[in-house]
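Any value given below was found using the heavy atoms of this structure, including those in side chains, with hydrogens, waters and symmetry copies removed.
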Amino acid sequence: MYKYDQIDQQLVDERVAQYRDQVRRYLAGELSEDEFRPLRLQNGLYIQRHAPMLRIAVPYGMLSSRQLHKLADIATQYDRGYGHFSTRQNLQLNWPKLEDTPDILAELATVEMHAIQTSGNCIRNITTDQFAGVAPDEIIDPRAMAEVMRQWSTFHPEFALLPRKFKIAVSGTKQDRAIVQAHDIGMEFYRDAENKVAIKVWVGGGLGRTPILGTVIREHLEWQHALTYCEAIIRVYNLHGRRDNAYKARIKILAKALGIDEFRKQVEAEWLHLKDSPNTITEAELARVAQHFEAFDYASLPAHDASFDAAITSNAAFAAWAKRSVHPHKTSGYRAVTLSLKPHGKAPGDATSEQMHVIADLAAQYSFGELRVSHEQNLILADVKLSNLFAVWEKARAHGLATPNIGLLTDIICCPGGDFCSLANAKSIPIAQAIQMQFDNLDYLHDIGDIELNISGCMNACGHHHVGHIGILGVDKDGSEWYQVSIGGKQGNDASLATVIGPSFSAEEMPGVVQKLIEVYLKERSDEERFIDTVRRIGVAPFKAHVYATTAPKSEAAHV
Amino acid sequence: MSNLITQNEIVTDDWALVNLPEVDQEVRKQAGKVVLFKLTGENTISAEQIANTQIPATGKTLVPLSVYLARKNEFAPRIAKQEIGIWLATHETLENLTKAEPNLNIFPLIAVYVERFADGRIFSIGNLLRTRYGFNNTLRAFGDVLRDQLFFLKRSGFDSYLIRADRSAEEALQSLKDFSQPYQGAVDDKQPVWRRVNRGQNNVA
């Protein structure tokens, strides 16, 4: 993975000093609440219900063992011994003290980490596929470009105070796993007819209050122009995006208002001036960064391993885990492994300091000292030998990290919700926990098969509920918490936004509602059909009929 | 004590700022909240305001863009004496100006007024004035200008900053040096770091 040189290190050190002084000025009353807000947000610091929340950047989800050990230590020393991995592949601390945050950042800087631009109206952490570099369906490893873009976007002076937050995702695989269509800019890398690396550029996607899938603004962009083309897009947005209403300030609203053709015309006109300017990426710079992402020194291994095969045959629990948690790898004899941060009944995406230390050790021992965070809020060891999978499983299982539910109903994407977040309308973690307990039967879960259930505590959609096969949205009605259910959303190349099935439900009703949805699926599915396929084939109506036939919403019952 | 920084020094402001006459504006709301930002290109100035704007007869004078465009002939003799500068707000666009004055360097000073700290349009405006329209003279930011914008303003082509009256310009000077080696090329240094210094393979810290 990318290692800092003295230029990178100096920059994060200077940031710590700058932020330390900003906090000093705020505490001394030299900065008002309103003036401090954009400054602290651009450093990932929110003021939340109980305490501040600090969001630490994990660029495109890559972490080293050393960094994870440090995060665990920070969570122990400055927080309550755990952290929360977010859908932007970052790590959030829920209980730090404002006064401590400069020290936390100083600690982070010692392991080449920071919290720069993890919030605020600026270019956020650039995300990508958690299997980048190892996925068999990968065409281009997008991480070097993601790092080049990370550096370019860090303290970009022209885009320091945009109308609203700005999210970029990059992907280089046949099957998109980075949800490029749900980003302000999505960059899909591919090889063109001349076998050169090119980019298909998507713009104006996003979830939140007004969910919209992105539109292709350019089918073919030579990679050298990635930065200048982004500058053209973001300049048009910076000048013309709405600042008068925060709910209409994302680039998707501008692109829709102008229409994609007019928006493209303005961007291309701007780009004429920027194309070939010094921010054009050189072969040498890409090569310098790419050397950090070169393939590891893999052993030459056969495609099969006898000890692994034997363990699969003799140990049903291991086999069940391997079926869900082990993923194919480009290199013979290696696999990627997802460690589940979704044990039933716990907050999805949370890891204790102890677990973080265990995972960091596993990565050091079995996976070249590196790991990744997925936007599904799990941790991945990307380069494990087949022959080591059993040992990894045993240790992971001993620490609650081997729930065999990856990609199943209880592998829930879930935001922190009303328990922590001051934006939330409703709690989301207890809903996730109740659903996990309702379906706490592995055979049943495996029978239901591949399904994605996403929960957000408010329309800001941190839990990506619009692209969940089942999406749950917390809503506020007259001061009480209700949950709106939608189905048919999907991430990937054939992404779609979910459809709301009807009136909202109370928290207690939610496990039963999900149960009903699953019953319809189990009854209607044809061979090999996943939940999402059945929804797409038969539509929302049968699901709606079954759910509302037997579960009269309490909000309506009250009027009978 | 002056609160004006130009070229990394605190200097006396010898320009007289001309404001448009005040008019009553109704409070606009969107989604129940007071609108804090004017839309880009929104026309907020009436012909009457422009006609009623009083211009001092002599001395270095900073004129609103709209007044300059509408009453250009009045200013011609003083343009020759290098004593007319113009200012615009962040929601105003540059197209009318550059149509009327293809050579912006007739102005010794262009100033951009930022009503609110969070309004980042000022950075794109600075960038365009410098890189697209070739403005080489003093480019000033004024309004809600606080020290934490200065580094970005400098990189976007500004070289003069009128710090908000209740804050210390002396302290703000420090922020011009917040970062010693920024990553990307910008107006002040067009070269990105990889063209500026050798970040070769042996340069790992």
Where does A:Thr228 contact chain B at under 4.5 Å (heavy atoms): side chain, backbone, both or neither?
->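 Interface part for A:Thr228: neither.
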Donor-acceptor pair, side chain of [X] and main chain of [Y], under 3.5 angstrom:
X: A:Asn279; Y: B:Gln184; value: no
X: B:Arg167; Y: A:Glu30; value: yes
X: B:Ser124; Y: A:Arg235; value: no

Closest-packed option against chain B by number of heavy-atom pairs under 4.5 Å, given [options]:
options: A:Gln18, A:His273, A:Arg242, A:Arg15; answer: A:His273
options: A:His156, A:Glu158, A:Arg37; answer: A:Glu158
options: A:Thr154, A:Asp34, A:Asp13; answer: A:Thr154
options: A:Ile281, A:Leu162, A:Leu161; answer: A:Leu161
options: A:His240, A:Gln10, A:Glu35; answer: A:Glu35

Go through the atoms of B:Ile122 and report whether side chain, backbone, both or neither lie under 4.5 Å from a heavy atom of chain A.
->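 Neither the backbone nor the side chain of B:Ile122 comes within 4.5 Å of chain A.
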Would B:Arg199 and A:Asp8 pass as an ion pair if we require N to O under 4.0 Å?
->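 Answer for the salt bridge query: yes.
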Should B:Arg132 and A:Glu270 count as an ion pair when the cut-off is N to O under 4.0 Å?
->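 Looking at A:Glu270 together with B:Arg132, the answer is yes, because their closest N to O distance falls below 4.0 Å.
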Taking all non-hydrogen atoms of both residues into account, name the closest pair between [X] and [Y] and its distance.
X: B:Phe117; Y: A:Leu39; result: CZ-CD2, 4.0 Å
X: B:Lys190; Y: A:Pro278; result: O-CB, 3.0 Å
X: A:Ala160; Y: B:Phe123; result: CB-CE1, 4.1 Å

Take B:Ser180 and A:Glu14 through the test side-chain contact (heavy atoms from CB on, under 4.5 Å) and record every step on the way to the result.
-> CA-CA 8 Å; B:Ser180 37; A:Glu14 287 170 341; 2.4 Å; yes
Derivation of the side-chain contact (heavy atoms from CB on, under 4.5 Å) call for B:Arg195 and A:Thr282 = CA-CA 9 Å; B:Arg195 294 182 198 262; A:Thr282 56; 3.6 Å; yes
